[in-house]
There are 2 protein chains.
Amino acid sequence: MRAGARRGDATRQVILDAAEQCLAAGDFDGVSLRTISEAAGVDIALVNYHFGSKESLVEEVTERRARDVHDARVLALEEARHRAGTAPPDVDAVVTAFLEPWLKRISSGDVGWQNYNRLLCRLTMMPKYLPLVSKLLDPTALHFINALRAALPKASQESIYWGYMFLLGAVVQIMAGTGRIEQLSRGLCTTDDINAAMREIVPFVCHGLRSLERTDIAV
Amino acid sequence: MRAGARRGDATRQVILDAAEQCLAAGDFDGVSLRTISEAAGVDIALVNYHFGSKESLVEEVTERRARDVHDARVLALEEARHRAGTAPPDVDAVVTAFLEPWLKRISSGDVGWQNYNRLLCRLTMMPKYLPLVSKLLDPTALHFINALRAALPKASQESIYWGYMFLLGAVVQIMAGTGRIEQLSRGLCTTDDINAAMREIVPFVCHGLRSLERTDIAV
DNA sequence: GTCTATAGCTTGATAGAC
DNA sequence: GTCTATCAAGCTATAGAC
């Protein structure tokens with residue numbers, strides 16, 4: 001490997017990290033390549049040289065970490081299956097397998113994971129990026145929807161999908177880091193304390209999901 | 001009232017409606033005043049004449065409907081209090097008072113309410129707009145957080161705030177209309193069928209919220 | 001109140017020297 | 001692989017005629 005290539009790889013990483021950070025903090029289309037290149041301490045022309053376009057940059061930023069989380073989640077679910085023996089893993093096990101790998105990475109101290117997360121939450125809210133979001137997350141989603149189906153055999157097909165979206169919604173609302181809960185609770189709660197958030201969210205969604213098997217509840 | 005003033009008012013409404021629609025469909029900063037003025041069928045200069053700036057336009061678009069929902073929700077909660085007698089309204093009553101007025105407006109056939117909703121969901125995900133979101137929604141939020149506190153006396157202060165955010169997250173995930181559940185369920189579920197969504201979401205969040213009173217659940 | 005015209009700026013992207 | 005210089009296109013906002 002030539003010295004130039006090594007230097008180029010380093011530049012790529014610096015740009016990817018800066019993009020991750022800027023996109024997590026700002027509002028996507030409001031974040032310019034100039035902002036990103038300045039944060040990276042790199043000339044703006046290099047962004048286009050290495051990534052071709054802004055769109056490709058966003059893709060690379062997200063894809064970089066998506067596969068890793070997916071694999072860890074699938075593995076966690078596999079382990080839960082092993083622990084459960086012949087019966088399928090219950091709701092708590094499925095939810096935990098879904099959230100644990102995520103939580104672990106966020107609280108790892110690597111600020112990149114926190115940025116990736118915020119970015120991804122923001123991304124899922126924008127119709128424009130639905131194709132990218134689907135490419136990144138559909139495999140994981142369908143995998144865990146299947147697991148939820150097995151854990152909640154009495155729930156309807158539709159209910160499982162709705163339940164997955166509610167689970168996602170609760171998590172996204174916390175992970176996006178909008179500052180809203182800090183504002184409402186006047187600092188009592190903070191999304192920076194991921195462990196506290198997880199402690200609350202797991203029982204909430206597990207109880208919610210289990211209720212999907214009941215059909216005798218009127219609105 | 002002069003004819004000119006009446007015409008000006010009509011233009012204002014046309015612009016507000018178009019802005020509501022464009023902002024609901026697109027990604028906020030990606031939506032230009034040109035897009036909005038073209039959708040409204042008016043000259044772009046009129047947008048600045050009537051609203052002064054893009055920021056003010058966004059404010060007016062949101063504030064236009066925010067007060068109405070707030071009032072309806074407070075009234076619904078008041079009625080629930082009356083029905084409940086001496087005891088405070090239970091979780092189901094509080095959640096229903098929160099969601100019913102919203103649901104009613106969305107399914108009223110007025111497409112403006114649907115646009116307003118999507119727009120608002122999108123807005124809550126962008127840190128940049130936290131001040132506006134707080135101004136619009138904090139009164140409602142704190143009002144219902146108080147009601148939840150009364151309905152869940154054994155839950156901790158923190159849990160109530162978290163629970164409110166989870167409730168919000170589940171609703172936002174559905175209302176934002178990102179097309180994700182349609183994609184995942186291959187058309188089986190759709191956020192256009194608000195009634196179906198509501199039928200699923202109410203029991204989910206009510207069970208989730210009630211679980212906040214329990215403290216014996218390990219992560 | 002409305003429209004034309006345009007100022008002044010920022011954007012993403014590229015051509016060419018090194 | 002990196003940097004300077006610059007492009008065309010888009011944006012918000014405004015000044016002035018009608």
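Residue numbering restarts at 1 for every chain, and letters A, B, ... go by the order of the sequence lines. Because the structure is a prediction, the values reported are computed rather than measured. Only this structure's heavy atoms are used, side chains among them; waters, hydrogens and symmetry mates stay out.
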*asked:* Counting only heavy atoms not in A/Glu55 (residues, nucleotides, ligands), do more than 12 fall under 6.0 Å from its CD?
replied: no
Taking every heavy atom of B/Thr124 against every heavy atom of A/Thr178, the minimum-distance pair comes out as O-CG2, 3.2 Å
Whole-Å distance, B/Ile44 CD1 to D/dA13 P, equals 9 Å
inquiry  = Is the positively charged end of B/Arg12 above the ring of B/Tyr49, judged by distance under 6.0 angstrom from the centroid and angle within 45° of the axis?
reply    = no
Which atom pairs link the protein and nucleotides 16-18 of chain D when you take only N or O atoms and keep those under 3.5 Å?
none

message = Using OP1 and OP2 only, check whether a side-chain N or O of A/Thr11 sits under 4.0 Å from D/dG1.
response = no
Query raised in the report: Is B/Asp17 paired with B/Arg64 through a side-chain N to carboxylate O contact shorter than 4.0 Å?
Result: yes
Within residues 20-42 of chain B, those residues having any heavy atom closer than 4.0 Å to DNA chain C are none
When every non-hydrogen atom of A/Ser32 is compared with those of A/Thr35, the smallest separation belongs to OG-OG1, 2.9 Å
Checking D/dT4, D/dT2, C/dC3 against the side chain of A/Ala45 (C-beta onward), the nearest is D/dT4
When rounded to whole Å, the CG to P distance for the pair A/Asp43 and C/dG12 reads 14 Å
Check the angle between the aromatic planes of B/Trp162 and B/Phe166 and answer parallel, tilted or perpendicular using the 30° and 60° thresholds.
-> parallel
Note: B/Val61 and B/Ala19 closest approach over all heavy atoms is CG2-CB, 3.7 Å
No-hydrogen, no-angle side-chain donor-acceptor test under 3.5 Å, B/Arg118 and B/Asn115 | no
Under 3.5 Å: donor-acceptor pair, side chain of A/Arg73, backbone of A/Pro101: no
Taking every heavy atom of B/Ala39 against every heavy atom of B/Cys22, the minimum-distance pair comes out as CB-SG, 3.8 Å
Rounded to whole Å, the CG-P distance (A/Leu46 to C/dG12) equals 15 Å
Can you tell me if A/Thr191 and A/Glu182 form a side-chain donor-acceptor pair at under 3.5 Å? yes
Contact check, residues 48-55 of chain A vs DNA chain D, heavy-atom distance under 4.0 Å, returns A/Tyr49, A/His50
